[in-house]
Chemist: 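Dropping the structure in here first, questions after.
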Amino acid sequence: MIPPFFYNTNPARIFFGQGALASVADEIRRQGCRHALVLSTPFQKTEAEALAAQLGELSAGIFSEAAMHTPVSITEKAMSAYEAAEADCIVALGGGSTIGLGKAIAYRNDAPQIVIATTYAGSEVTPILGQTENGIKTTVRDAKILPEVVIYDPYLTLDLPVRMSVTSGLNAMAHAVEAVYAQDRNPISSMMAIEGVRALRDALPLIVANPRNVDARGNALYGAWLCGTVLGSVGMALHHKLCHTLGGSFDLPHAETHAIVLPHSASYNAKAAAEAMEPLANLFSGSIGDGLYDFAKSIGAPLALRELGLQQAQLDRVADLAVKNPYWNPRPVERDAVRALLQRAWEGARPE
Ligand code: NAD
């Protein structure tokens, strides 16, 4: 029997395909806009400049100072640039950091957002914004934050470095792993989650072998879209709480942290959510924790939190913070068990 469920969709327009970048001008006009501020990180400034040139009169210029964790000071600078340029919409070109800046602007002035996603983090399809001020990261959820248009063009991901592709892909999978056991899951979110993990499982080894394999890049981006979509529609649990703690309070890098913690958090919940996780376990030789660990190792992902600079002496504090105000989780969040999980993740040991 299918149990009763609620199903909410986030109303974004998605354009997926090789060469989809060429549609940005049409999408700006379709939003009723005519002057777009193009956003990027300093690292992707050249691509942002090329896009602004492609847009011609539709470009209001570029702002290329997007940074990880969306610092409010940078958002304020970008708001000034937006107003000075008399922009009427945002074009964000990049990963979660650039997309976060676009969302932060839209949260303040409701600017329409056209997002061109170039990593697998999934932020482009969620109504969630995390922003940092005075070292404190807060998260808001609001309909204004959800981008109106998302463009996925596999060509733009050909130069995403292999290590970033691997960790970002595992970051995407983590959304889907938590979605299949979410308290508010439904048959559609679970279907998307399983298909997203399958697509990434197939694509990532091919990308490691040849980063410019455009078909594999397309499959990975397709998987990332599905995984991001479930992140935006159902609740997340222990895995995301651990990564938010490690990122927010210990400044660990986002995608790498997700990649390292995932086999351990999946293993923690494997028995309690066995039925919901079975289709995913089957994608990884029948054992979700071991299977994800072996998969991550086979594609060269980092395996140990100590590689990211976390000190063993900090693990007690991480455990204390992670069990404080826990997110709902299928298995009770017990301090000693979480501390043991963190120890293994810190060492890079196989999950329990
Ligand atoms: P990122 O956006 O920080 O990108 C990392 C680096 O890679 C940047 O220098 C970027 O310019 C570069 N880069 C991106 N795409 C590239 C490409 N195709 N080729 C070459 N270089 C490229 O990394 P991320 O993991 O995508 O995003 C992390 C941030 O996103 C974190 O702050 C995280 O909290 C946030 N996030 C938010 C949500 C949400 O729903 N609110 C979801 C996921 C992530």
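Note that ligands are numbered from 1 as they come in the structure, with each ligand's atoms numbered from 1 the same way. Nothing here was measured: the structure is a model prediction, and the numbers come from that model. The residues of the chain are indexed from 1 along the displayed sequence.
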Chemist: So, R335 and D316, do they make that salt bridge, N to O below 4.0 Å?
Modeler: yes

Chemist: Out of all atoms in ligand 1, which are within 4.0 Å of some heavy atom of G95? Include the element for each.
Modeler: 2 (O), 26 (O)

Chemist: Please determine whether a side-chain nitrogen of the Lys or Arg among D336 and R339 lies less than 4.0 Å from a carboxylate oxygen of the Asp or Glu.
Modeler: no

Chemist: Supply the atom-to-atom distance I128 CD1 to T139 OG1, rounded to the nearest 0.5 angstrom.
Modeler: 8.0 Å

Chemist: For the pair D320 and K324, find out whether any cationic side-chain nitrogen is under 4.0 Å from an anionic carboxylate oxygen.
Modeler: no

Chemist: Report the part of H69 (side chain from C-beta onward, or backbone N, CA, C, O) that has a heavy atom under 4.0 Å from ligand 1; answer both or neither where that applies.
Modeler: both

Chemist: Among all protein heavy atoms, pick the one closest to atom 9 (O) of ligand 1 and tell me residue, atom and distance.
Modeler: F43 CB, 3.5 Å

Chemist: Over 60° means perpendicular and under 30° means parallel, so tell me whether F16 and Y152 are parallel, tilted or perpendicular.
Modeler: tilted

Chemist: Indicate yes or no: does an N/O atom of Q44 lie under 3.5 Å from an N/O atom of ligand 1?
Modeler: yes

Chemist: Checking a contact table here: which protein heavy atom is nearest atom 40 (O) of ligand 1, and how many Å away?
Modeler: T126 OG1, 2.6 Å

Chemist: So which of A121, G228, A92 gets nearest to atom 43 (C) of ligand 1, if we judge by its closest heavy atom?
Modeler: A121

Chemist: To the nearest 0.5 Å, what is the distance between CG on D184 and OG on S233?
Modeler: 8.0 Å

Chemist: Give me the atom names and distance for the closest heavy-atom approach of C33 to L58.
Modeler: O-CD2, 4.4 Å

Chemist: Suppose we measure from atom 34 (O) of ligand 1 to each protein heavy atom; which comes out shortest, and what is that distance?
Modeler: K137 NZ, 3.0 Å

Chemist: Kindly identify the option in P154, A67, G96, G232 whose heavy atom sits closest to atom 35 (C) of ligand 1.
Modeler: G96

Chemist: If you take the nearest heavy atom of each of T132, D159, T119, L156, which one is closest to atom 18 (N) of ligand 1?
Modeler: L156

Chemist: So that I know where these two stand, are H258 and H240 an aromatic pair - ring centroids less than 6.0 Å apart?
Modeler: yes

Chemist: What is the closest protein heavy atom to atom 44 (C) of ligand 1, and at what distance does it sit?
Modeler: H254 NE2, 3.4 Å

Chemist: Nearest to atom 3 (O) of ligand 1, what protein heavy atom do you find, and at what distance?
Modeler: S97 OG, 2.6 Å

Chemist: Of the protein's non-hydrogen atoms, which lies at the shortest distance from atom 41 (N) of ligand 1, and what is that distance?
Modeler: I128 O, 2.9 Å

Chemist: When L310 is tested against each of T257, I260, L315, D251 for side-chain contact (heavy atoms from CB on, under 4.5 Å), which residue passes?
Modeler: L315

Chemist: Answer with yes or no whether K103 contacts ligand 1, where contact means a heavy atom under 4.0 Å from a ligand atom.
Modeler: yes

Chemist: Considering heavy atoms of the protein only, find what lies nearest to atom 4 (O) of ligand 1 and give residue, atom and distance to 0.1 Å.
Modeler: M164 CE, 3.8 Å

Chemist: For ligand 1, does T41 get within less than 4.0 Å through its side chain, its backbone, both, or neither, judged by non-hydrogen atoms?
Modeler: side chain

Chemist: L39 and side-chain contact (heavy atoms from CB on, under 4.5 Å): which single residue from V91, I105, V115 fits?
Modeler: I105

Chemist: Among all protein heavy atoms in this structure, tell me which lies nearest to atom 15 (N) of ligand 1, with the distance rounded to 0.1 Å.
Modeler: T118 OG1, 2.7 Å

